[in-house]
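Note that the structure is a prediction, hence the values are computed from the model and not measured. Quick note on labels: first sequence line is chain A, next is B, and so on, each numbered from 1.
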4 protein chains.
Amino acid sequence: MTVREGREFLSIPGPTTVPDRVLNAMHRPAIDIYAGDLLDVTHSCLADLREIFRTEGQTYIFAANGHGAWEAALSNTLSRGEKVLVLESGRFASLWGEMAKYLGIEVETLERDIRRAVDPAAVEARLRADAAGEIKAILVVQIDTASGVVNDIAAIRKAIDAAGHDALLMVDTIASLATMPFEMDGWGVDVAVAGSQKGLMTPPGLSFNAAGPKAKARHESAGLRTRYWDWTLREGPEHYQKYCGTPPEHMLFGLRAAMDMLFEEGLEKVFRRHRLLAEAVRRAVEAWSQGGVIDFNVSEPAERSDSVTTVLVDAAGSAQALRDYCRDHCGVILGSGIGDWTGRAFRIAHMGHINAPMVLGTLGSVEVGLTALGIPHGKGGLQAATDFLGQSIPAASQERRAAATG
Amino acid sequence: MTVREGREFLSIPGPTTVPDRVLNAMHRPAIDIYAGDLLDVTHSCLADLREIFRTEGQTYIFAANGHGAWEAALSNTLSRGEKVLVLESGRFASLWGEMAKYLGIEVETLERDIRRAVDPAAVEARLRADAAGEIKAILVVQIDTASGVVNDIAAIRKAIDAAGHDALLMVDTIASLATMPFEMDGWGVDVAVAGSQKGLMTPPGLSFNAAGPKAKARHESAGLRTRYWDWTLREGPEHYQKYCGTPPEHMLFGLRAAMDMLFEEGLEKVFRRHRLLAEAVRRAVEAWSQGGVIDFNVSEPAERSDSVTTVLVDAAGSAQALRDYCRDHCGVILGSGIGDWTGRAFRIAHMGHINAPMVLGTLGSVEVGLTALGIPHGKGGLQAATDFLGQSIPAASQERRAAATG
Amino acid sequence: MTVREGREFLSIPGPTTVPDRVLNAMHRPAIDIYAGDLLDVTHSCLADLREIFRTEGQTYIFAANGHGAWEAALSNTLSRGEKVLVLESGRFASLWGEMAKYLGIEVETLERDIRRAVDPAAVEARLRADAAGEIKAILVVQIDTASGVVNDIAAIRKAIDAAGHDALLMVDTIASLATMPFEMDGWGVDVAVAGSQKGLMTPPGLSFNAAGPKAKARHESAGLRTRYWDWTLREGPEHYQKYCGTPPEHMLFGLRAAMDMLFEEGLEKVFRRHRLLAEAVRRAVEAWSQGGVIDFNVSEPAERSDSVTTVLVDAAGSAQALRDYCRDHCGVILGSGIGDWTGRAFRIAHMGHINAPMVLGTLGSVEVGLTALGIPHGKGGLQAATDFLGQSIPAASQERRAAATG
Amino acid sequence: MTVREGREFLSIPGPTTVPDRVLNAMHRPAIDIYAGDLLDVTHSCLADLREIFRTEGQTYIFAANGHGAWEAALSNTLSRGEKVLVLESGRFASLWGEMAKYLGIEVETLERDIRRAVDPAAVEARLRADAAGEIKAILVVQIDTASGVVNDIAAIRKAIDAAGHDALLMVDTIASLATMPFEMDGWGVDVAVAGSQKGLMTPPGLSFNAAGPKAKARHESAGLRTRYWDWTLREGPEHYQKYCGTPPEHMLFGLRAAMDMLFEEGLEKVFRRHRLLAEAVRRAVEAWSQGGVIDFNVSEPAERSDSVTTVLVDAAGSAQALRDYCRDHCGVILGSGIGDWTGRAFRIAHMGHINAPMVLGTLGSVEVGLTALGIPHGKGGLQAATDFLGQSIPAASQERRAAATG
């Protein structure tokens, strides 16, 4: 017996739910690539990405996925034989580092506790030790979708500055952009990397770089530059140069619609929405964890991200059984544990085009699954989540009244 | 502050959520109306409607909404000055009766308790009193979306038979078809009426009649027949005659896809899904009702329908405030109280393309709203709903194990 | 061998090609029917239909096809036993008349030449003979899609006035509205009928009435009124009353988008576009007719409509063979001869969402078919069509120059 | 005045018209990337690409445009400092060569007549002169969309073999694949490159490599390999490795639908359809060229491609004026002259989802524009095109009769 035949709920950390408006924007005939509307789309997307990255720097759109944008960031700024420091906090900084190694870059990874965020003090210490300035760039993700950790990018920047080190700070915001604040210029990030398919609510297949002045300067002498990824060539006057070839136009139509939605809601409100819904998830997980089997992966509450929660299940096979149940019986697709968490965790994504009923419906289905499978868990998860939201989100009339008397 | 910017949840009792597959089926060019694919669509839809109504009788598809199908049912079987007996159990049988009156039919309505279903014994008594056989037809709805009542059609048929009365039994299944069993031939229903936009998961704009042999016989002499609605003319050999004019082809493409989905799931499973999800809703409402302000409209548990639940809120303005909150803050559209329930109830629809996370997300949002607005309610509504579903829907592996040892 | 696998060209006189923008507008979730956006859609559609009908009268939208709107027009204004005069000029006025007869109305049809439009003088003569005023309404179509005739509605009005007759003038604009001028108030039309699926570029399933003051006065005492079609009830305050039940919302989203397109282009430009493209078709047919087998159905050039051209093929089986060829080998769906033209004509529709390449591509495919099948035809059909368009549509720069020196 | 407001005709050589079925396939929710349907899509697409490339070699799908696939082909097989020979025949082989140069590869370009295809004899001569085997690879396009030339790949292979040279033969089939025969294994091609947006009828954003055994052997020691493009890594066991990161799933859904359409029609029939429609275009251009101003760019008839025709206009400004006219007045988007043809040519694409009315509608609109603008041209272009098609495509019944008596 199943109660699955409605709209499937995709709660994996990317691709996220694509809004109907985005799909609709993509459902249109192809158009000319040399003139007309498409040029406006390109121009406005590049400008609006600057707004979202919060930078005066240059933005680039690649017909590629996020790994492509990783390669673009590396090849535009580094040379064979140079060294980068990888700040692992889950899985993805290391994968980015492997990509660097493959390009002939020397890669050093900072040790870590796998349930914690990057420690800025450790970064500072390592950089102080690099008196010769061998480390040319630092690679870190803002939110790691494997661990569920959020790193404090501003603090990492301060650590670099405290060490007086000259390395570029390169940040992967693939799982964080448009879900929480990111201040590229304000925080002193030199290169930012993003993809279309998470907070930006567009199907996968587009990715982005943003480059600040220091990165642009290094770019001049970077030895790994190739034509497809090259920032300079993408700044050429011809429209097709912006994409090094045919623009991926349907993807761009989707991105345009998605960014319109973000601006209509307002980025600050987008961030607050994510924070509230993430906290609702955490309240439920907190309650479930009283059963002794379920636990947050990230041990430190302040280091839990607002876009994805990785949940440990300390019972062999149970994480997978729960995912199977939710998919097969309820129509909810949870993320699996990957990397170090393979087989012992599941993940609930709460990012992008996501609202209260989607999050509560997901949590409800998880609770149904925990019950059906007999996985020990504390009661009251949903209650904690609805209590939190009900107390945190006053009715508009109350808001108005509060404002009037405030 | 809102947490609404995801997929809007439509929890009104029609139109219901249209599956992506149905919308996709409608997103296609127009096609020839005299030959080709469209003829197959018509043929298969008429046949499959028979399967869904569970009848060997004739089915008809109208380019019209449900009220149009009401008028079709009346005008095909009755004459000016004849009398019908309306069995009200909410709001819609009376509206159907008003339509009859407008056609020049004499209408009598059976008295009732507005929180109860039709009482078959009262029907029998009234018919026994009609020795002269003045009553030519009985109008009743299977599920009334205003009250949330489900009527026992088989029992009403038995009451008619017990009275030895010859009236046609005409049943409106608009809000029940494909959400619960309906046995047109098995129960002795003479005319069934339905619409596209509820259990059939298609946008509004199509409606249906099914007619059994007794109705077809009455049809011969019916004085109210008009060309647009006429059953006989719709049985003509030309394709356009099936629709008395241009077939509403995009709507038909949608209906075809929706019926495919129903058959792929299996009607029995569709009914069980509705029953389980409805019961989950009832468990939550039961818990909330402990607060003394919230209550089921339908006082008798067995008379609560599996497609919509009408919830009374005994606090002035609170039902509307709750609907506003859910819509504006959470992105959930609840049904309002209508007719006798205007201003003092809200409705949760749980029919059509609906699964566990959709229902739990709706209930969760209601609970958030109750909390935010300070509407007194018992705790544990979501918990009761997830407990029920978890206990009622074993994992497939357990099902297999149970089957093996069963 | 075929060269068909591209976009199928639908050249039948309804449903016409649905613009991508209309399909996109329909590809969206269902929404609340009691509040919000849908109310605005209804309000604006009713108002914009007035603009398109060119009337200060009342407009009505039916969840029904065009035949439904016929029945609505009749039942709202007439009583059983009253008499109407049908001005046949093809096929559809007679069908409308049959519908009237079925309602119990007495129907008289004016004799005619099947290759000509209605003769206003004959109308005047007949009405003068009706000294007793037995004729209560006159039924006529503006463009008949079977014959391809366009009738002169203003002249018919003048004929009625000249006869000093009081009958209502009821005009079917289903195949003409938004393809050529129609001046409901200016011409003195009492009731206009239309459908969504031709000039209005929306899938079939919606239809319309517009009623002037004289029709509204007759409505007061009309004996055939029924609740589904009733104009007065549709003017009630509740939103659902506008549709006598659930609004066909996806169809309405489509209509809204289609009317937006018409107003953006401008109705005058829409009419000129149709006139130019229709003339291009006529130039081609004129050339082909030199072969002695092909001919216009409408013998009088001034009576050939701008929305559809009926082409006679005086060779047994050839019309059907040509349609088969165009469909199977080229992907072009031509209209068949219907009614009196069954088997001896084909029809080229040139209405709605139609531009130069669509018309020229259709004509080109017909010419390919004529050649492949060896159907005798004069050469130079396409040449005549392109010459005409090239000479009639100056380049914008030339237009500007002409304007400057004009 | 314009006659443009119908379906816009896109006649540029990529992106081509996207079939409704492909757009529909892309209009669906995102799905899991680790399990389920997406894995089947990947598997079947990789296999079917083999079928389309006609190879037993390995295929790869990149989230990238065609330039990305160029870079992939180069970086997977070559090392810095190695030399390639570019066989220019328009514009695109040189651009590919520039990409190679940017990667540190030495590039030599074979001289040419810009209105001719590559001369295999010249290739053989150059390779014979390379006794030292310095040339490691030969880059050539099958159809060049700038010039409209088709190169004889089999003859080039023979030339290489005749010279006894070991260079890899790398062929860009972006504008030819699925529009004409390509026999990767049969012709001895080592690496083939393609994109989604031309013959494959899918929006731009996916591109492909196919690699034969000799290329795979060179790959072992290629020095330019990077992780994003690397063939070997893409053969890893994990699904995401096939795409080096998140699969571009909506694009893949589109590609799957497009390949289904190709196989349903049958590749041989697809090629014949292109050949016939291309010849129809050439017949029209031939007629127009009698006016002395218009001419084919490709001087040798046998070297004119079946996917795009580049048309010279020997009158300053006229090519652009014609494109403007067709776009603004008729809704037809013609390709512009690019590279050496900037400002003095226009291009008619006839590839992908294209049928008789689309081609004839495009030609008709060009003829309208030539007339409106007073550009001298021979009469009878459309006539020649329809005569050709009519004579080349017998009706099915005639085909059957011919077959019976054949």
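Side-chain polar atoms of Asp230(A) and Tyr102(D) form a donor-acceptor pair below 3.5 angstrom.
Note: Leu233(D) leads Ile333(D), Leu103(D), Leu233(D) in heavy-atom pairs under 4.5 Å with chain A. No other option in Ser196(A), Gly195(A), Pro15(A) has as many heavy-atom pairs under 4.5 Å with chain D as Pro15(A). Of the listed residues (Pro204(A), Gly335(A), Pro247(A)), the one with the most heavy-atom contacts under 4.5 Å to chain D is Pro204(A). Most heavy-atom pairs under 4.5 Å with chain D, from the set Cys244(A), Gly104(A), Ala30(A), Ala35(A): that is Cys244(A). Contact count against chain A (heavy-atom pairs under 4.5 Å) is highest for Met99(D) among Met99(D), Arg327(D), Lys101(D), Arg225(D). Counting heavy-atom pairs closer than 4.5 Å to chain D, the top-ranked of the candidates Gln197(A), Arg7(A), His27(A) is His27(A). Among Gly66(A), Gly254(A), Ala63(A), Pro29(A), the residue making the largest number of heavy-atom pairs under 4.5 Å with chain D is Ala63(A). Of the listed residues Gly36(D), Ala100(D), Ala64(D), the one with more heavy-atom pairs under 4.5 angstrom with chain A than any other is Ala64(D).
Once rounded to the nearest 0.5 Å, the distance linking CZ of Arg323(D) with CG of Asp32(A) reads 6.0 Å. The OG1 atom of Thr246(D) lies 5.5 Å from the NZ atom of Lys198(A); values are rounded to the nearest 0.5 Å. Put simply, CE on Met251(D) and NE2 on His250(A) are 8.5 Å apart, with the number rounded to the nearest 0.5 Å.
Contact detail for Leu10(A) and Ile31(D): the closest heavy-atom pair is CD1-C, 4.0 Å. When every heavy atom of Pro248(D) is checked against every heavy atom of Gly205(A), the shortest pair comes out as CB-CA, 4.1 Å.
Heavy-atom distances place both the backbone and the side chain of Ile33(D) under 4.5 Å from chain A. When heavy atoms are compared at a cutoff of 4.5 Å, Leu206(D) does not approach chain A at all. Both the backbone and the side chain of Glu249(A) come within contact range of chain D, with heavy atoms under 4.5 Å apart. Only the backbone of Thr16(D) comes within contact range of chain A, with heavy atoms under 4.5 Å apart. At a 4.5 Å heavy-atom cutoff, Pro19(A) makes no contact with chain D through either its backbone or its side chain. Using a 4.5 Å cut-off between heavy atoms, Ile338(A) touches chain D through its side chain atoms alone. Heavy atoms of Met26(A) lying under 4.5 Å from chain D belong to its backbone as well as its side chain. Of the atoms belonging to Thr226(D), heavy atoms from both backbone and side chain fall under 4.5 Å from chain A. With a threshold of 4.5 angstrom between heavy atoms, Leu74(D) does not approach chain A through any atom at all.
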> For Tyr228(D) and Tyr228(A), what are the C-alpha separation, side-chain angles and deciding distance, and is it a side-chain contact (heavy atoms from CB on, under 4.5 Å)?
Replying inline: CA-CA 11 Å; Tyr228(D) 190 69; Tyr228(A) 190 68; 5.7 Å; no
>> side-chain contact (heavy atoms from CB on, under 4.5 Å) for Arg28(A) and Leu23(D)? Distances and angles first, verdict last.
In response: CA-CA 7 Å; Arg28(A) 54 168 292 181; Leu23(D) 288 174; 5.9 Å; no
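Using bins of under 30°, 30° to 60° and over 60° for the plane-to-plane angle, the ring pair His67(D)/Tyr240(A) lands in the tilted bin.
Salt-bridge annotation for Arg227(D) and Glu98(A): present, with a side-chain N of the basic residue lying under 4.0 Å from a carboxylate O of the acidic one.
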